[in-house]
Amino acid sequence: MADYTFWLIAAITVISAAFVVLNNQLVYSAVALLFTLFGVAGLYVFLWADFIAGVQLLVYVGGILVLIIFGIMLTNRISSVRISHKSVQQGVGGAVIIWLFIFLSIVILKTPWLNQTAMEPASSVAQVGKLLLMKYLLPFEVISVLLLGALIGAATLSREDP
Amino acid sequence: MDQLNSYLFIAAILFSLGVFGVITRRNGIAVLMGVELILNAANINFIAFSRFGGMNFDGHVFGLLVIVLAAAEAAVALAIIINIYNNMNTINVDQASQLKQ
């Protein structure tokens with residue numbers, strides 16, 4: 001049962017990701033990206049990363065996707081849902097990514113990956129919190145400064161006459 | 001679902017599709033969506049290696065940092081795209097090739 005659910009979520013993720021990059025309507029791409037992000041959150045649940053799955057839903061679906069849709073609405077006519085945008089050089093791009101995928105597949109199949117079995121943790125929140133505030137305290141503080149910089153920078157950039 | 005390879009293949013497919021989006025789309029926001037796909041693929045790899053490397057939580061911390069960076073990147077990129085639209089009335093990244101006009 002869990003197996004079928006996993007493959008269903010994987011199929012949703014991959015198919016909607018293909019829809020994001022292949023269809024010609026920008027709003028449809030944004031909605032397909034929603035399903036991709038949901039699918040990735042589902043994969044995190046299968047990887048026992050419950051906290052990351054929650055953060056993925058909050059930040060990506062609740063924040064970044066809304067930002068992207070705001071961007072679409074601000075740079076196009078709001079009344080038309082069918083905002084088309086054409087792709088260029090799909091042949092060359094397709095050849096490049098098929099080559100890239102074959103290369104990645106060879107790497108994945110040839111490498112003897114470490115495959116340790118572990119007990120499923122009851123919750124990952126406590127461990128992640130300990131790591132964030134002890135081992136990775138400096139990156140944690142630096143990234144908060146970076147967020148402040150991004151906040152001020154984005155607000156300054158998008159003003160009418162800075 | 002208990003194989004590392006299946007997660008790595010899903011991440012590889014997402015990464016390839018993201019690269020395809022970045023190199024074929026000419027709309028700035030669509031390029032940004034491709035970048036988001038690439039970041040998600042990297043994140044799946046981080047969490048998968050963390051799970052199959054003996055449930056090591058360092059990968060989770062890296063995944064969190066990647067998500068935060070993606071949020072900052074999306075905010076700044078959209079501010080830049082809206083600025084380009086206000087100045088040039090287009091967000092085609094091929095036409096926006098000059099720093100000032």
Side-chain angles (χ1 to χ4, degrees), chain A residues 2-3 6 10 13-14 17-18 20-21 26 29 33 36 40 43-44 46-49 51-52 55-56 59-60 63-64 67-68 71-72 74-75 85 87-90 93-94 96-97 100-101 104-105 108 113-116 118 121 124 127-128 131-132 136 139 143 146-147 150 153-154 157-158, chain B residues 1 4-10 12-21 23-30 32-34 36-37 40 43-44 47-55 57-58 60-61 63-65 67-76 78-83 85-86 91 94:
Chain A
D3 241 7
F6 170 75
T13 309
V14 170
V20 170
V21 294
L26 201 48
S29 286
L33 189 63
T36 309
V40 173
L43 291 179
Y44 291 161
F46 273 99
L47 288 166
W48 303 342
F51 181 63
I52 308 289
V55 170
Q56 164 95 1
V59 175
Y60 262 107
I64 295 179
L67 263 182
I68 285 176
I72 295 171
L74 287 173
T75 53
H85 59 128
S87 301
V88 294
Q89 293 181 334
Q90 283 195 314
V96 167
I97 68 150
L100 181 68
F101 180 69
L104 287 175
S105 306
I108 290 170
W113 300 108
L114 189 68
N115 202 340
Q116 293 178 346
S124 64
Q127 300 294 324
V128 172
L131 276 180
L132 266 182
Y136 293 104
I143 213 158
L146 179 127
L147 272 181
L157 274 176
S158 51
Chain B
M1 60 173 283
L4 176 62
N5 277 1
S6 48
Y7 293 99
L8 294 184
F9 271 114
I10 293 168
I13 294 171
L14 276 189
F15 179 79
S16 307
L17 287 172
V19 171
F20 183 73
I23 60 182
T24 60
R25 295 298 207 193
R26 281 292 144 284
N27 185 310
I29 294 174
L32 188 64
M33 289 185 200
E36 301 296 342
L37 285 183
N40 268 293
N43 234 352
I44 290 176
I47 309 289
F49 285 132
S50 147
R51 149 87 164 76
F52 290 99
M55 208 55 216
F57 285 95
D58 293 22
H60 288 207
V61 175
L64 269 181
L65 297 187
I67 290 176
V68 173
L69 280 177
E73 168 250 340
V76 175
L78 283 169
I80 291 172
I81 287 171
I82 288 172
N83 238 6
Y85 180 74
N86 285 338
I91 50 172
D94 275 346

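Worth knowing before you read on, the calculation uses all heavy atoms, side chains too, and leaves out hydrogens, waters and symmetry mates. Everything quoted here is computed from the prediction, not taken from an experiment. Here is the naming used below: chain letters follow the sequence lines, and residue numbers restart at 1 for every chain.
Contacts with chain B were tallied for I64(A), L114(A), L132(A), V14(A); I64(A) has the most, counting heavy-atom pairs under 4.5 Å. The candidate from L104(A), I143(A), L33(A), V96(A) with the greatest count of non-hydrogen atom pairs under 4.5 Å with chain B is I143(A). Chain A forms the most heavy-atom pairs under 4.5 Å with one residue out of S50(B), S16(B), A12(B), and that residue is S16(B). When each of G18(B), G54(B), G28(B) is scored by its heavy-atom pairs under 4.5 Å with chain A, the top score falls to G54(B). Between chain A and the options L69(B), D58(B), I44(B), L4(B), the largest number of non-hydrogen pairs under 4.5 Å is found for D58(B). In terms of heavy-atom pairs under 4.5 angstrom with chain B, the leader among I68(A), T36(A), T13(A) is I68(A).
By the 4.5 Å heavy-atom criterion applied to side chains, L74(A) and Y85(B) are not counted as neighbours. Using a 4.5 Å cut-off on side-chain heavy atoms (C-beta onward), F46(A) and R51(B) make no contact. L147(A) has its side chain within reach of V68(B): a pair of non-hydrogen atoms, C-beta onward, lies under 4.5 Å apart. Residues F6(A) and I10(B) meet the side-chain proximity criterion, which asks for heavy atoms closer than 4.5 Å. Annotation: side chain of L8(B) is in contact with side chain of W113(A) (closest heavy-atom distance under 4.5 Å). The shortest side-chain heavy-atom distance between F20(B) and L100(A) does not fall under the 4.5 Å cut-off.
Using a 4.5 Å cut-off between heavy atoms, D94(B) does not touch chain A at all. For L78(B), the part lying under 4.5 angstrom from a heavy atom of chain A is the side chain only. Only the side chain of L32(B) comes within less than 4.5 Å of a heavy atom in chain A; its backbone stays farther off.
Going from atom CD1 of I47(B) over to atom CG of L43(A) covers 11.0 Å, rounded to the nearest 0.5 Å. Interatomic distance, CD1 of I23(B) versus CD1 of I97(A), reported as 7.5 Å (0.5 Å rounding). Taken to the nearest 0.5 Å, the CD1 atom of I13(B) stands 4.5 Å off from the CZ atom of F101(A). Put simply, CH2 on W48(A) and CZ on F52(B) are 7.5 Å apart, with the number rounded to the nearest 0.5 Å.
Listed here is the closest heavy atom pair of A154(A) and A75(B): CB-O, 4.0 Å. Closest non-hydrogen pair, L157(A) versus A79(B), comes out as CB-CB, 3.9 Å. Here the closest non-hydrogen pair linking N40(B) and Q56(A) is OD1-NE2, 3.1 Å. Taking every heavy atom of both residues into account, P139(A) and L65(B) meet most closely at CB-CD1, 4.1 Å. In terms of heavy atoms, M33(B) sits closest to I72(A) at CE-CD1, 4.1 Å. Between I52(A) and H60(B), the closest heavy-atom pair is CD1-O, 3.3 Å.
Exactly one of N43(B), L14(B), L37(B) qualifies for a side chain to side chain contact (heavy atoms under 4.5 Å, CB included) with V40(A). That residue is L14(B).
Around atom CD of Q90(A), more than 12 heavy atoms belonging to other residues, nucleotides or ligands sit under 6.0 Å away.
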